[in-house]
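A, B, ... follow the sequence lines: proteins, then strands. Residue 1 opens every chain.
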Amino acid sequence: MMYRLSTTFLRTLRDDPADAEVPSHRLLVRAGYIRRAAPGGYTWLPLGWAVYRRVEEIVREEMNAIGAQEVHFPAMLPREPYEATNRWTEYGDNLFRLKDRRGVDYLLGPTHEEMFTLLVKDLYSSYKDLPVSLYQIQTKYRDEARPRAGLLRGREFSMKDSYSFDLDQDGLEKSYQAHRGAYIKIFDRLGLPYVIVSAMAGAMGGSLSEEFLAECEVGEDTFVRCSKCDYAANTEAVKSNINAVDTGQYPAAATIDTPDSPTIDALVDFLNKHHNDKAPKGGWTAAHTLKNVVVNVAHPDGTKSPLVIGVPGDREVDLKRVEAQLSPLEIEPFTEEDFAKHPKLVRGYIGAEILGTDSESGIRYVLDPRVANGTSWVTGANEFGKHRINVVAGRDFTPDQLVDAVEVHAGDPCPECGKDLRIDRGIEIGHVFQLGKKYAEALDLKVLDQNGKTQVVTMGSYGIGVSRVVAAIAEATHDEIGLCWPRNIAPADVHVVTTGKNGDDLFLAAEKFATELESRGLTVIFDDRNGVSPGVKFKDAELLGMPVIAVIGKKFDSGHIEVRERKSGIQHEVPIEDAINTVVSISKGH
RNA sequence: CGGGGAGUGGCGCAGCUUGGUAGCGCGCCUGCUUUGGGAGCAGGAGGCCGGGGGUUCAAGUCCCCCCUCCCCGACCA
């Protein structure tokens with residue numbers, strides 16, 4: 001296969017496109033791999049599509065290797081299955097909906113759990129049919145509030161989604177591990193550095209769940225990683241491992257006047273000025289205070305109730321993290337009107353002692369594990385301008401539940417080994433999780449087991465964002481001057497540049513060289529454009545990012561061809577008679 | 001959905017404050033020259049100035065409404 005640039009449908013841009021910010025977006029547009037066609041929708045041009053297909057093929061090969069079978073659903077789906085699982089409403093505005101000429105509802109599939117479940121239900125009914133894993137590579141649609149960063153977050157994108165169907169948890173475990181293993185092979189082959197982190201199954205209603213993240217500054221996911229052991233988790237899924245403190249000999253709790261101290265900062269100032277005698281060693285700090293944040297929780301039945309979250313005063317509450325743990329409850333802001341309805345909650349002075357389902361207020365109270373049993377706190381007195389000191393967890397108040405609620409910080413202890421955690425950002429490129437029986441139950445997917453009894457099938461769900469992976473690889477591998485594709489997914493193996501003009505000896509030698517490379521099984525880009533200056537050809541070759549650039553130019557007179565490795569910049573001057581073998585051996589991995 | 005920025009030939013931008021009938025660079029076309037790091041000269045083509053309404057003798061420029069894009073936040077496998 002040879003691309004002759006004189007006729008390839010390609011136009012590179014000298015300037016960065018104004019609407020692109022992140023490197024992958026900027027370079028993929030500038031190098032002529034993609035064009036924006038719609039908000040959050042991109043056209044793949046020939047070279048871009050070549051990359052896309054190579055990624056797809058690697059995914060396909062590894063899925064087939066674990067025995068998964070490829071199918072293909074429509075992108076436009078009926079409403080009913082999504083009604084049955086409640087996702088027609090749960091998905092909310094993120095679902096693209098449309099009606100046919102008779103006014104019947106359809107949707108553009110954001111993901112296909114329902115359809116796969118129904119397909120298996122349609123054809124299988126015995127335990128003997130299981131296990132089975134099916135997958136597709138499909139265009140998915142999500143009406144993202146804010147598409148951004150080119151291919152990284154579009155409203156139309158390509159995803160490989162697979163689903164495993166097993167009779168029991170043991171089977172699911174095996175299917176899950178098979179997919180996990182396949183994903184490791186896929187991302188290894190793609191040449192993409194990645195981290196596997198534990199994640200919350202959250203809204204999808206499963207249990208074990210892990211994400212594959214490509215480490216990347218512009219990534220949208222934040223994850224922690226231990227500096228010592230190999231613990232890694234999405235920030236939402238980090239578990240604290242705080243040990244309870246032995247109950248100390250704290251004096252009885254007492255009320256103090258704290259005028260004008262509705263905020264933690266003001267309170268700490270006031271304590272240091274007026275209650276220095278009672279201060280712990282080193283004086284009062286925010287870490288000695290217990291901050292109580294009120295939110296509303298929305299229950300699946302549509303009702304709302306207040307919830308108070310208690311965290312140390314020097315920490316912020318991470319609502320996403322709380323929400324993930326309380327799922328399917330959703331967190332909403334607590335408004336002025338809500339305060340009016342709950343007069344026991346005194347804004348700025350909410351105290352722990354009246355909180356908890358079994359306490360005076362009856363309001364549900366969850367605590368971050370940092371507020372451990374036996375620790376002593378300064379907290380609100382539930383009265384304007386007053387606080388309570390020496391309020392001891394477990395003695396003076398009891399939470400309904402411990403929930404990891406604080407924003408995770410770099411330097412927090414690792415739950416596995418206690419060493420410092422680091423925080424980094426990544427792009428979610430793959431996700432494996434054990435769905436369990438949620439969809440099978442909702443859609444009544446059952447088989448008969450060995451004893452002739454019906455069993456609900458248990459499922460796993462596994463996704464790879466194929467189009468996103470292309471961008472993630474561009475992010476991970478580019479440099480200042482352009483793209484820099486790993487050998488396995490580059491649209492061509494070698495980019496042949498000549499400074500010769502159409503028809504002259506140099507040009508003919510270059511053409512012969514390119515043709516020979518092609519006949520040796522390489523995919524070749526041959527810059528045969530006429531009247532384009534060498535400078536432009538070199539810049540374009542670097543921008544396009546093939547792993548090897550071969551130059552037939554001034555060194556040709558002395559019998560040499562220049563062979564450059566794009567990534568390392570290493571340049572070899574190779575005698576003409578050896579050049580083909582040199583390029584082939586570099587392209588095949590030395 | 002909230003905050004900020006921006007929409008002007010294919011691309012990147014100026015013009016808007018102070019209204020007077022659209023300009024620069026790149027790219028594109030023709031010719032000549034040039035050919036190892038985004039060439040030179042000459043001559044061209046190409047624009048309902050995001051859309052709609054208004055003010056005015058006159059609107060890219062002023063006013064109102066809408067749409068779109070980018071960034072931050074919210075949301076989101």
*Are a donor atom and an acceptor atom from the side chains of A:His478 and A:Ser24 found within less than 3.5 Å of each other?*
no
Check every atom of [options] against the side chain of [X] and return the nucleotide holding the closest atom.
X	options	answer
A:Glu21	B:A77, B:G36, B:C70	B:C70
A:Phe538	B:G37, B:G12, B:C75	B:G37
A:Lys554	B:A77, B:G36, B:G38	B:G36
A:Lys501	B:U35, B:C70, B:C76	B:U35
A:Arg142	B:C70, B:U35, B:A77	B:A77

Reckon [X] touches a base, only the sugar-phosphate, or nothing at all at heavy-atom distances under 4.0 Å?
X	value
A:Arg155	nothing
A:Lys140	nothing
A:Arg564	base
A:Arg26	nothing
A:Glu220	nothing

Please confirm whether any donor atom in the side chain of [X] sits under 3.5 Å from an acceptor in the base of [N], or the reverse.
X	N	answer
A:Glu562	B:G36	yes
A:Arg36	B:C69	no
A:Asp16	B:G12	no

_Spacing of the P atoms in B:A22 and B:G60 (rounded, Å)_ = 9 Å
*Taking the six-membered ring for Trp, are A:Phe513 and A:Phe526 ring centroids under 6.0 Å apart?*
no
_I'd like to know whether the aromatic ring centres of A:Trp485 and A:Tyr33 sit less than 6.0 Å apart in this structure._
yes
*Under a 3.5 Å cut-off for both distances, is B:C28 Watson-Crick or wobble paired, and to whom?*
B:G44
*So, does A:Asp528 use its side chain to make a donor-acceptor pair with the main chain of A:Leu5 at under 3.5 Å?*
yes
*Is it true that a side-chain atom of A:Ser198 and a backbone atom of A:Ala232 form a donor plus acceptor pair closer than 3.5 Å?*
yes
Close N/O contacts between protein and nucleotides 25-27 of chain B (under 3.5 Å):
from: B:C26; atom 1: O3'; to: A:Arg14; atom 2: NH2; distance (Å): 3.2
from: B:C26; atom 1: O2'; to: A:Arg14; atom 2: NE; distance (Å): 3.1

*Quick one: which of A:Ile489, A:Val51, A:Leu483 gives a side-chain contact (heavy atoms from CB on, under 4.5 Å) with A:Ile473?*
A:Ile489
*Write out all pairs satisfying salt bridge (Lys or Arg N to Asp or Glu O under 4.0 Å) with one or both partners inside residues 28-40 of chain A, taking only residues at least two apart or from two chains.*
A:Asp16-A:Arg30
